[in-house]
Participant: 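I'd like to ask you about the structure that follows.
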Protein chains: 2
Amino acid sequence: MNLTEAIKRPTLHEELVERLRNLVVEDALKPGEKVPEKDLCESFGVSRTPLREALKVLASEGLVVLQANRGARVAKVTLEELENTFPVIAMLEQLAGELACRNLSDAGIAQIQKRHDAMTKAFVARDRKAYFQANQDIHNALIEGARNEILESHHRMLAARVRRARFMVNLSDERWAQAIEEHEQMMEKLRARDAEGLGQLMKTHMMNKYAAHVKAMTDAPDGAAQR
Amino acid sequence: MNLTEAIKRPTLHEELVERLRNLVVEDALKPGEKVPEKDLCESFGVSRTPLREALKVLASEGLVVLQANRGARVAKVTLEELENTFPVIAMLEQLAGELACRNLSDAGIAQIQKRHDAMTKAFVARDRKAYFQANQDIHNALIEGARNEILESHHRMLAARVRRARFMVNLSDERWAQAIEEHEQMMEKLRARDAEGLGQLMKTHMMNKYAAHVKAMTDAPDGAAQR
DNA sequence: AAACGTAATTATGAATTCATAATTCAGTCA
DNA sequence: TGACTGAATTATGAATTCATAATTACGTTT
């Protein structure tokens with residue numbers, strides 16, 4: 001261990017970026033809504049300064065939209081945005097898959113296998129919450145396994161935007177089964193350390209997810225998504 | 001034209017993000033240096049509040065590093081960082097190439113061809129400044145031509161990090177000639193609207209650029225780059 | 001009653017102030 | 001001389017204040 005490592009104390013605005021991002025991603029702050037600066041300051045017990053700093057960062061990530069003299073609004077999840085976001089995140093996942101295959105330890109792969117099994121169990125039990133959690137754990141582990149902080153940070157930003165979209169549609173049984181099947185194939189490639197193969201699958205997996213979202217949103221366009 | 005479009009007025013902190021980013025990218029603020037908050041406030045004629053907001057954004061882009069209670073420093077350009085950044089930006093360029101082939105108008109392609117010719121002329125004249133400018137114009141035009149704002153914004157962030165690296169090494173004649181040749185091929189693919197082909201070339205082009213940087217930095221490691 | 005105009009209120013961006021952490025510098029002692 | 005201690009200074013994070021833009025509330029007019 002490196003004893004000279006800088007000690008990390010979180011500053012208020014860093015905390016706030018995290019907390020606010022969660023509020024947006026977890027849909028506590030709804031798309032299009034105004035961000036209630038005053039209320040948030042009170043409930044977090046901070047002044048406006050650090051909160052506003054955090055909002056600037058969130059704006060640069062595209063989670064909120066700032067209008068001069070009219071404050072911040074939670075960015076809407078539009079079909080157009082998803083159309084733009086998914087291809088980009090798909091490329092990043094492809095790269096992550098390739099790198100993870102090369103950089104993960106055997107133990108790391110075993111760990112992911114375990115999570116994969118948990119996810120399969122959740123699918124069989126039709127436990128959506130557990131499924132989402134395990135699914136996200138797997139993707140995060142693969143991204144981390146790529147050992148590339150730039151990739152990781154950009155993926156995190158995009159994933160936040162995409163993750164919000166799940167509140168707009170239901171996961172169809174059909175797509176659910178397909179996703180599980182795709183993950184099954186991904187595990188095969190990972191165990192075989194087929195970098196190209198895993199990368200390709202992860203890219204396709206993401207684009208299939210996109211297609212499912214578009215289909216669900218188009219079928220039931222009464223959600224928040226508008227062109 | 002959409003007459004109901006929101007009018008856009010820049011706020012101070014937005015201006016500052018731009019200006020500061022330029023200072024960092026153009027090497028006016030050197031890697032590792034402390035960001036002189038006070039001086040910058042004076043020379044920009046603003047108070048610390050908007051400047052600090054801007055620094056938070058730049059930090060989220062990775063151009064500066066914040067340490068609690070010890071202010072901001074310009075992020076160093078390390079070999080490790082480039083090793084992480086280039087593969088990511090290469091993937092984005094690949095996607096951009098594919099999309100640009102599909103979305104650019106004939107006029108748009110002609111425009112890029114013109115810039116390409118200007119770049120070739122600059123190469124023949126050994127005019128580095130004009131070359132860099134034309135080169136950047138071409139890449140920007142291709143990114144814009146992809147018509148994907150998400151892709152564009154993430155590319156911009158990464159390009160800023162990479163662009164700083166050019167101050168650390170000299171462009172070798174050998175690499176310069178190779179880059180021109182690569183651009184020649186790219187133009188061919190673009191004119192033929194071979195999306196896959198252009199994407200592939202742009203990815204490779206970026207990775208070759210990376211290799212050249214590594215070679216130059218390793219040969220003359222007395223620059224600012226340290227592991 | 002609906003539409004308009006104006007005053008009151010609120011929210012926002014930015015400057016300023018304040019408390020505290022980090023740094024510098026002077027003095028002390030080995 | 002040179003390392004250490006602690007006070008003075010400076011820089012930083014965050015709260016507060018201030019000027020102004022945006023919104024709301026209220027009268028007025030038709």
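The sequence lines fix the lettering, A, B, ..., with proteins before strands; numbering per chain opens at 1. Please read all numbers here as calculations on a predicted model, not as lab measurements.
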Participant: A side-chain contact here means heavy atoms from C-beta on lying under 4.5 Å apart; do B/L40 and B/V35 qualify?
Facilitator: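 Yes. Closest side-chain heavy atoms under 4.5 Å.
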
Participant: Under 6.0 Å from the ring centre and within 45 degrees of the ring axis: does the NZ or CZ of A/R166 meet both conditions for the six-membered ring of A/F132?
Facilitator: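 The answer is yes, since A/R166 meets both limits relative to A/F132.
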
Participant: Side-chain donor-acceptor pairs under 3.5 Å in residues 26-33 of chain B, sequence neighbours left out?
Facilitator:
from	atom 1	to	atom 2	distance (Å)
B/K30	NZ	B/D27	O	2.8
B/E33	OE1	B/K30	N	3.4

Participant: Kindly say whether, by distance alone, the side chain of B/T49 makes a donor-acceptor pair under 3.5 Å with the base of C/dA15?
Facilitator: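 Such a pair exists between side chain and base.
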
Participant: Taking A/R161 for its side chain and A/T85 for its backbone only, find out whether a donor-acceptor pair lies under 3.5 Å.
Facilitator: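 Checked: no pair found.
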
Participant: Between A/H139 and A/H183 (judged by ring centroids, cut-off 6.0 Å), do the two rings come close enough to count as a pair?
Facilitator: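 When the ring centroids of A/H139 and A/H183 are compared, they turn out to be within the sub-6.0 Å range.
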
Participant: Rounded to whole angstrom units, what separation is found between the NZ atom of B/K38 and the P atom of C/dA15?
Facilitator: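 Rounded to the whole Å, the gap is 16 Å.
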
Participant: Please write out each protein N/O paired with an N/O of nucleotides 8-10 of chain C under 3.5 Å, distance rounded to 0.1 Å.
Facilitator:
none

Participant: Please work out if A/K34 contacts a base, only the sugar-phosphate, or nothing of the nucleic acid, heavy-atom cut-off 4.0 Å.
Facilitator: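 Sugar-phosphate, backbone atoms only, no base.
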
Participant: Side chain of B/N69: nearest nucleotide among C/dG13, D/dA15, C/dA21?
Facilitator: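 Minimum distance to the B/N69 side chain belongs to C/dA21.
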
Participant: Nearest-Å distance, CG (A/L55) to P (C/dG13)?
Facilitator: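 In whole Å, C/dG13 P and A/L55 CG are 9 Å from each other.
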
Participant: If you assign A/R48 and A/L12 each to the DNA chain D nucleotide with the nearest heavy atom, which residue ends up on the more 5' nucleotide?
Facilitator: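 So the residue in question is A/L12.
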
Participant: State, yes or no, whether a side-chain contact exists between B/V162 and B/H213 at a heavy-atom distance under 4.5 Å.
Facilitator: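 In short, these two side chains do not touch, never coming nearer than 4.5 Å.
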
Participant: Side chain of B/T11 only, please: which of D/dA14, C/dA14, D/dA15 is the nearest?
Facilitator: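 The closest nucleotide is C/dA14.
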
Participant: Between P on C/dA11 and CD on A/E37, what's the gap in Å once rounded to a whole number?
Facilitator: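 The distance from CD of A/E37 to P of C/dA11 comes to 10 Å, rounded to the nearest Å.
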
Participant: Separation of B/E15 atom CD from C/dG13 atom C1', in whole Å?
Facilitator: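 The distance from CD of B/E15 to C1' of C/dG13 comes to 14 Å, rounded to the nearest Å.
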
Participant: Which heavy atom of A/V25 sits nearest to which heavy atom of A/R164, and what is that distance?
Facilitator: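 The pair with the smallest heavy-atom distance is CA-CG, 3.6 Å.
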
Participant: Between the main-chain N or O of B/N148 and the side-chain N or O of A/N84, is there a donor-acceptor pair closer than 3.5 Å?
Facilitator: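 Absent.
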
Participant: In dot-bracket, 5' to 3', how would DNA chain C read with Watson-Crick or G-U wobble pairs under 3.5 Å, [ ] for crossing ones and | for pairs to another strand?
Facilitator: ||||||||||||||||||||||||||||||

Participant: Between C1' on C/dA15 and CG on B/L40, what's the gap in Å once rounded to a whole number?
Facilitator: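 Result: 17 Å.
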
Participant: Expressed in angstrom and rounded to an integer, what is the separation of B/R70 atom CZ from D/dT12 atom P?
Facilitator: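 It is 11 Å, rounded to the nearest whole Å.
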
Participant: Considering all heavy atoms of both residues, which atom of A/L58 and which atom of A/R21 are nearest to each other, and what is their separation?
Facilitator: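 Heavy atoms only, the tightest pair is CD2-N, 4.0 Å.
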
Participant: Give the rounded distance in Å between these two atoms: CD of A/Q67 and P of C/dA11.
Facilitator: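 Spelled out: CD on A/Q67 to P on C/dA11 is 16 Å.
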
Participant: What is the distance, to the nearest angstrom, from the CD atom on B/E53 to the C1' atom on C/dA15?
Facilitator: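 B/E53 atom CD is separated from C/dA15 atom C1' by 12 Å.
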
